[in-house]
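Report on one structure; see the data block that follows.
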4 protein chains.
Amino acid sequence: MDKQIKDKRTAIMDAALKLFTERGFHGTTTAQISKDAGVATGTLFNYFPTKEELINSLYFEVKGRLSSCIKKGIDPEASFETKMRKLWSNTIQCGVSNPEEFHFIGQFGSSPYITKITREEAMKEYEFIRALVEEGFSNGRNKDYSMELAMMIFYHSSGAVVNLIINSGRLDDMNEIIEEGFQLLWRGLSPE
Amino acid sequence: MDKQIKDKRTAIMDAALKLFTERGFHGTTTAQISKDAGVATGTLFNYFPTKEELINSLYFEVKGRLSSCIKKGIDPEASFETKMRKLWSNTIQCGVSNPEEFHFIGQFGSSPYITKITREEAMKEYEFIRALVEEGFSNGRNKDYSMELAMMIFYHSSGAVVNLIINSGRLDDMNEIIEEGFQLLWRGLSPE
Amino acid sequence: MDKQIKDKRTAIMDAALKLFTERGFHGTTTAQISKDAGVATGTLFNYFPTKEELINSLYFEVKGRLSSCIKKGIDPEASFETKMRKLWSNTIQCGVSNPEEFHFIGQFGSSPYITKITREEAMKEYEFIRALVEEGFSNGRNKDYSMELAMMIFYHSSGAVVNLIINSGRLDDMNEIIEEGFQLLWRGLSPE
Amino acid sequence: MDKQIKDKRTAIMDAALKLFTERGFHGTTTAQISKDAGVATGTLFNYFPTKEELINSLYFEVKGRLSSCIKKGIDPEASFETKMRKLWSNTIQCGVSNPEEFHFIGQFGSSPYITKITREEAMKEYEFIRALVEEGFSNGRNKDYSMELAMMIFYHSSGAVVNLIINSGRLDDMNEIIEEGFQLLWRGLSPE
DNA sequence: AATGAATGAGTGTTCATTCAT
DNA sequence: GATGAATGAACACTCATTCAT
């Protein structure tokens, strides 16, 4: 029975993720989500009181899943460079393996449908990453915004690389691209 | 007469840009746009046959304005590093000076409202930048995706920096942040 | 449950028939139909996806009801004249008993709102009548268009007589008028 | 100058007749009429204060033209049968020669757009015909509705024949069909 | 808890009509 | 008179949400 409930909720979430990514929030009706999930229109509202709550719950859960994926297997004892390389490759691999979730977060992170509260709540998951980066940079750099800058560059660049891999379909070269990207960032874009 | 026409069209575009950025496409009604622009509801449809065409026209024009802004004052005879530094600082300064336009493009670039045709048409403006980057990197790197990677990292990082400056309100430190960001990218994130 | 559904659909159809006949298709709004039918505006669209489909469904059903009415009680074994007299009187009586339906068909049969498909589909009901007329005339006349002519004269004249009865309010004389009309047609208009 | 005015008015009327017949009153916008007539949208309203007045004026004028056409060449001295035959053939020939006008009147004669006043005004043109028919029938028949019946049968049948000729494209057989139709009516439908 | 027909406020869009030029 | 951009009331239709079963 508990299984049953989870199933319906999950079915709704899955259908919503797929449809939102394909057609956007506005382009997706709750009726369509219900239909794709195989439940009645009323059922959706048993689990989520409004469409907006469905969107926010979905955002929160997907963001959580993605951040768990990213953290996996990072050895706290390893060198800073090793940890950063792992973080970089994790981020990209998680994105490539879950393109729907990845696009969903990228596309709707700044949507007005997502409330400030959800966004902030979701951000907490990233404290771990912030701490990781901070550790390394705090010695090496002095400007108070350097670390912030470094983090943003690191994070946004990883998103760019995921898109590059998915859109160009270069799944075979993936590991090479990941490493090359890391080198570009770590050693610098300067050609020489 | 021509002035008058331009004025109404411009007023609609301006109101639309502001409202879309604030509330999203769906959250903004054509009635609201008309009202803010100071024209009748029917007038909007004299200039744009549908809401979607208004959105796409707006996207196209804003993207054009932004890309013009980014290209300004780059000396083709300068060294590669100089040109890249200028490109970087232009991008960020254009973003900071036109935050509404900048956010609009960033937010809705992947919206289902924007048609493929608009996106592709708008992308043509970026050929110049691609050529600029290509020039420098083609000698220094060998992998065929390196340049693509470099471009994406460069471009997405600039967006991240604009957001950093706007959100933290550090307009005073802007030039310093721009240069520091460039150093991080150009010399590499590696702390040492 | 099934009863309920039929009721709402029927209520909408009834209200639509009345309003369309009174004010035409354009002069009748879907909101007005819904209101008169005692349902919400959205409900109408649960049964008919568009106003045009409502119009066409209504036309089709009314035409069907009318043709059923006309066919009733014609004895295939009777003489040709008897059958024609019955057909004539049926047509007029059906029209007089259902003036709204009769006017609706007469008024909107050539409206651009009615699609070709609906018109053709509705015409199939009249095959019976064509066969009946054909039977008698094929012996007596030789020109290949005579039967066509006879049918049209017969059919259009009946419409004229219905209007005459309704507009002049001579319901008492109806049977006499019907017979007199039949005589005029059958024996000829020639005064002597 | 007066010529000019007449031209614009006529151009609007012609365009309106064509468009209304093709697409109905509702399906035709005043903008479309103006465009087809080669005048500005505002110009139409210099000649006709509202769309409804345009429709009614058009109806009145077309009905007038048609009734003039029908009366032409009837010799008051001829026998009743000869006059009726001429009336019949005139009606059909006028309809076939001016199919647009003929359809317009047939289609919209009972439209709610046409005011009662227009309809009544237009009917006056038919007094001549009524008198003609009355003359002959008043001797031969006794029921007070007989003449009314005869007129309606006569009139509606002629409309049916015009449609038959136009739709089947039998312009070559026209005279034969006209005479055959008259015989059917005059001598009666009875096969023998 | 599950259903899905019913609801009605809200939206994009149309178009007859006006009026400044 | 002629023009056509501007107007805004009116409409068909949508869809998140409710609730009786």
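Proteins come first, then strands; the chains are lettered A, B, ... in the order of their sequence lines, and each starts at number 1.
Candidate nucleotides dT14(E), dC13(F), dT3(F) were compared by shortest atom distance to the side chain of T50(C), and dC13(F) ranks first. Between dA16(F), dG12(E), dA9(F), one nucleotide has an atom nearer to the side chain of T29(B) than all others, and that is dG12(E). When the nucleotides dA16(E), dT3(F), dT14(F) are ranked by their closest atom to the side chain of F45(C), dT14(F) comes out on top.
S34(B) comes within 4.0 angstrom of no nucleic acid atom, judged by non-hydrogen atoms across all strands.
Distances shown here put every side-chain N or O of Y47(D) at or beyond 4.0 Å from the OP1 or OP2 atom of dG1(F). The shortest distance between the side-chain N/O atoms of T43(B) and the OP1/OP2 oxygens of dT7(F) is below 4.0 Å. Using a 4.0 Å cut-off, some side-chain N or O of T30(D) falls inside it from OP1 or OP2 of dA16(E).
In this structure, T118(B) and I55(B) have side chains that are not in contact, with every pair of non-hydrogen atoms separated by 4.5 Å or more. Two residues are said to be in side-chain contact when any heavy atoms from C-beta on lie closer than 4.5 Å; R23(A) and P112(B) fail this criterion.
Base pairing analysis places dT21(F) opposite dA2(E); the two distances defining the Watson-Crick or G-U wobble pair are each below 3.5 Å. Look at dT13(E): its Watson-Crick or wobble partner, with both distances under 3.5 angstrom, is dA10(F).
When each of E52(D) and E52(B) is assigned the nucleotide of DNA chain E bearing its nearest heavy atom, the one mapping closer to the 5' terminus is E52(B).
When ring centroids are compared, F108(C) and F25(C) come within the 6.0 Å threshold.
Using cut-offs of 30° and 60° on the angle between ring planes, the pair F104(C) and Y59(C) is tilted.
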